[in-house]
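None of these values were measured; they are calculated from a predicted model. Every chain is numbered from 1, with letters handed out A, B, ... down the list of sequences.
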There are 2 protein chains.
Amino acid sequence: MLASGRGDAYCGSRYRECGLRVLLIEDDAVLGEAVRDFVAGLGHAVDWMQTLDDGRTAARAVDYDLILLDLRLPDGRGLTLLTELRRTGAVTPVIILTAHDQISDRIEGLNSGADDYLVKPFNLGELGARMLAVARRYAGSSLPVLEAGNLTIQLADRRVLREGDPVDLSGREWAVLARLANRPDAIVSKGEIEEALYAFGSEIESNTVEVYVSRLRKKLGKDCVETLRGIGYRLGR
Amino acid sequence: MLASGRGDAYCGSRYRECGLRVLLIEDDAVLGEAVRDFVAGLGHAVDWMQTLDDGRTAARAVDYDLILLDLRLPDGRGLTLLTELRRTGAVTPVIILTAHDQISDRIEGLNSGADDYLVKPFNLGELGARMLAVARRYAGSSLPVLEAGNLTIQLADRRVLREGDPVDLSGREWAVLARLANRPDAIVSKGEIEEALYAFGSEIESNTVEVYVSRLRKKLGKDCVETLRGIGYRLGR
DNA sequence: GGCAAGCTGACAGCCGGCTGAACGAGGCTG
DNA sequence: CAGCCTCGTTCAGCCGGCTGTCAGCTTGCC
């Protein structure tokens, strides 16, 4: 739950090529934390701001790949920021997060240059999917297709091929694999993988991660994931 | 539309050939209702406005795929709106609906950038045909025929072939399929499919999407649609 | 050998998705 | 007009796969 620290840390530059740099502007503490952890869990670097003002500052300072923008903020309307950004020529993709009853805002948002919107309460999985969709739209087809051993991992399409044959993965299985694939050469600790699995707070006290690694190995082959005893896991090669 | 360059880039293609997003501007209650129901029945999402002003607002707010525009409205001439739209660079196809004695308007309309016109009272079937023609013209040659598994999906013609044999789909069935076929590799959430099915605001709280997926599978084969638990659907392959 | 860390098969509960059935609206036919 | 059909929508019950947990096993390290 210290994710905010972590987020800032690798926003810097080092991991730029892998995960996206995401700015989350959302005042609701619970939702904000959930989204931050979930998105961080996907391997992206998240900065979470709770006010329009902080959001504006951040958006000006850093060249984000994606902005998640709540429309109703304590110190103003999210749309204001969006319009400002667009007026200054920023093309950063923006996904709007909006309450269920704000249809007009939604329309206005799209009209002001937002790229997509999600209605609260939303499914985190759907958030992930839309983020990918938006990112892909921008990156063209350049989103990573990763070759690892006899695996082809298509992050953007949520697909894995084993020696060319598609393999079905469940949600959690994919989450684990994607977490590893997001930073192919990095060692990822169990704790970090857990964060990717359980977005918010849920204290899981068992060997879930091990179980999913095991399931992945069964489906994808022994070597798809490498174990580093006492440290974590890494994508096989 | 107003969503400016970037918006067009994806909005245009996003909903293109599926259930189209149609804006109907028509003050006559009887005709308006008839057209709305007919067009909705084809599987498109229709917003119906009865005044020029509302129409203008809607057209600015939402990136429609097609506008059906009555020329004689209580609060002004439809042509005004058309010219405005074209002046701001909107390329949304517009079909003009006009009474038979307004020949000059018709000509002026075509000159102002309308794509086609229909003379009242018109045959609804003809309206359907012209809509298809216009939409096809816009889709260009870029996405006519899609091969997916043993299916051939002819988006522009609103036809599906299963192993070469044409299959009859109802309006909604087609809308769902087309929404998926529109972005063949993308994962489409239930929410997004619903959006393609219903106009803004109609809150549908049931498993409609599941039902239509089920019916599609019955007609087109188990694998025509892939389920991604908790995330959405994707066209089979 | 002994200990810690990691692996994996089994299992029960659950949730999401699937689907048959029913109903009303509307259109068409005779 | 009655009868028939199709389509859209809703609902309830079913089903299967996903998931978390645990126990017993293997592996690696000292």
Side-chain angles (χ1 to χ4, degrees), chain A residues 122-126 129 158 167-177 187-191 193-194 196-199 201-234 236, chain B residues 19 30 33-46 123-125 128 167-177 187-191 193-194 196-199 202-234 236:
Chain A
F122 48 81
N123 177 321
L124 286 175
E126 181 164 357
R158 200 198 175 279
V167 181
D168 275 342
L169 295 187
S170 80
R172 297 271 196 253
E173 288 162 1
W174 171 259
V176 172
L177 181 67
I187 298 169
V188 186
S189 74
K190 277 189 198 174
I193 297 180
E194 243 166 49
L197 287 179
Y198 311 100
S202 26
E203 299 282 329
I204 295 288
E205 281 305 329
S206 79
N207 62 345
T208 327
V209 173
E210 289 163 20
V211 170
Y212 278 105
V213 167
S214 166
R215 287 176 181 162
L216 276 178
R217 286 186 174 134
K218 196 189 275 183
K219 287 188 176 178
L220 301 175
K222 270 282 178 212
D223 301 330
C224 68
V225 178
E226 184 184 352
T227 302
L228 292 107
R229 218 157 206 267
I231 306 178
Y233 297 93
R234 174 165 57 186
Chain B
V30 178
E33 200 162 337
V35 170
R36 184 196 51 190
D37 292 348
F38 172 76
V39 175
L42 293 176
H44 308 301
V46 189
N123 177 319
L124 287 175
V167 180
D168 273 343
L169 295 186
S170 79
R172 295 277 195 248
E173 287 164 1
W174 170 257
V176 172
L177 179 67
I187 298 168
V188 187
S189 74
K190 278 187 198 174
I193 297 179
E194 252 167 41
L197 243 35
Y198 310 98
S202 32
E203 301 286 330
I204 295 285
E205 280 304 328
S206 80
N207 62 344
T208 326
V209 173
E210 289 164 22
V211 170
Y212 281 107
V213 166
S214 168
R215 289 182 181 166
L216 277 178
R217 287 191 174 128
K218 201 186 274 182
K219 286 188 177 178
L220 301 176
K222 269 282 175 215
D223 301 331
C224 67
V225 178
E226 183 185 354
T227 302
L228 292 113
R229 241 173 185 251
I231 304 180
Y233 297 92
R234 173 163 59 188

So does A:Ser206 get a side-chain nitrogen or oxygen closer than 4.0 Å to the phosphate oxygens (OP1/OP2) of D:dT21?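 Yes, because at least one side-chain N or O of A:Ser206 sits under 4.0 Å from OP1 or OP2 of D:dT21.
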
What nucleic acid atoms does [X] come within less than 4.0 Å of, heavy atoms only: base, sugar-phosphate, or nothing?
X: A:Arg217; result: sugar-phosphate
X: B:Tyr233; result: sugar-phosphate
X: A:Val211; result: base

Please give, in whole Å, the distance from [N] [atom2] to [X] [atom1]?
X: A:Glu194; N: D:dT19; atom1: CD; atom2: C1'; answer: 14 Å
X: A:Lys218; N: D:dT19; atom1: NZ; atom2: P; answer: 15 Å
X: A:Leu197; N: D:dC18; atom1: CG; atom2: P; answer: 15 Å
X: A:Asn207; N: D:dA23; atom1: CG; atom2: C1'; answer: 10 Å

Which atoms form the tightest heavy-atom contact between [X] and [Y], and what is the distance?
X: B:Val176; Y: B:Tyr212; value: CG2-CB, 3.9 Å
X: B:Ala40; Y: B:Val46; value: N-CG2, 3.7 Å
X: A:Glu194; Y: A:Val209; value: CG-CG2, 3.9 Å

Listed partners of A:Ser214 passing side-chain hydrogen bond (donor to acceptor under 3.5 Å, both in side chains), at least two apart: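 For A:Ser214 there are no side-chain hydrogen bond (donor to acceptor under 3.5 Å, both in side chains) partners, ignoring immediate neighbours.
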
Going by side-chain hydrogen bond (donor to acceptor under 3.5 Å, both in side chains), name the residues that satisfy it together with B:Arg217, two or more places apart in sequence or in a different chain.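 Counting only residues at least two positions away or on another chain, B:Arg217 forms a side-chain hydrogen bond (donor to acceptor under 3.5 Å, both in side chains) with B:Thr227.
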
Can you give me the first and the last nucleotide of DNA chain C (5' to 3') that has an atom within less than 4.0 angstrom of a non-hydrogen atom in chain A?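 Endpoints of the contacted stretch of DNA chain C: C:dA4 to C:dA10.
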
Under the rule for salt bridge (Lys or Arg N to Asp or Glu O under 4.0 Å), what residues qualify as partners of B:Arg234, not counting sequence neighbours?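 With neighbours one apart ignored, the set is B:Glu226.
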
Selection residues 167-176 of chain A - residue pairs positive for side-chain hydrogen bond (donor to acceptor under 3.5 Å, both in side chains), sequence neighbours left out: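 Sorted result for residues 167-176 of chain A: A:Glu173-A:Lys219.
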
Mapping B:Ala40 and A:Lys219 onto DNA chain D by nearest heavy atom, which one lands closer to the 5' end?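 Result: B:Ala40.
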
Check the pair A:Ile193 / A:Thr208 against side chain to side chain contact (heavy atoms under 4.5 Å, CB included), numbers first and verdict last. CA-CA 10 Å; A:Ile193 297 180; A:Thr208 327; over 6 Å; no

Supply the atom-to-atom distance A:Ile231 CD1 to A:Ile187 CD1, rounded to the nearest 0.5 angstrom.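 Rounded to the nearest 0.5 Å, the CD1-CD1 separation comes to 5.5 Å.
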
Name the closest nucleotide to the A:Thr208 side chain, picking from D:dG20, D:dT10, D:dT19.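 So the nucleotide nearest the side chain must be D:dG20.
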
Work out how much the helix from C:dG1-D:dC30 to C:dG30-D:dC1 bends between its end axes, five pairs an end, to the nearest 10 degrees.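 End-to-end axis angle for the helix from C:dG1-D:dC30 to C:dG30-D:dC1: 30°, rounded to 10°.
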
Using a cut-off of strictly less than 4.0 Å between a heavy atom of the residue and any atom of DNA chain C, enumerate the qualifying residues of residues 224-232 of chain B by number.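 Only B:Thr227, B:Arg229, B:Gly230 qualify.
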
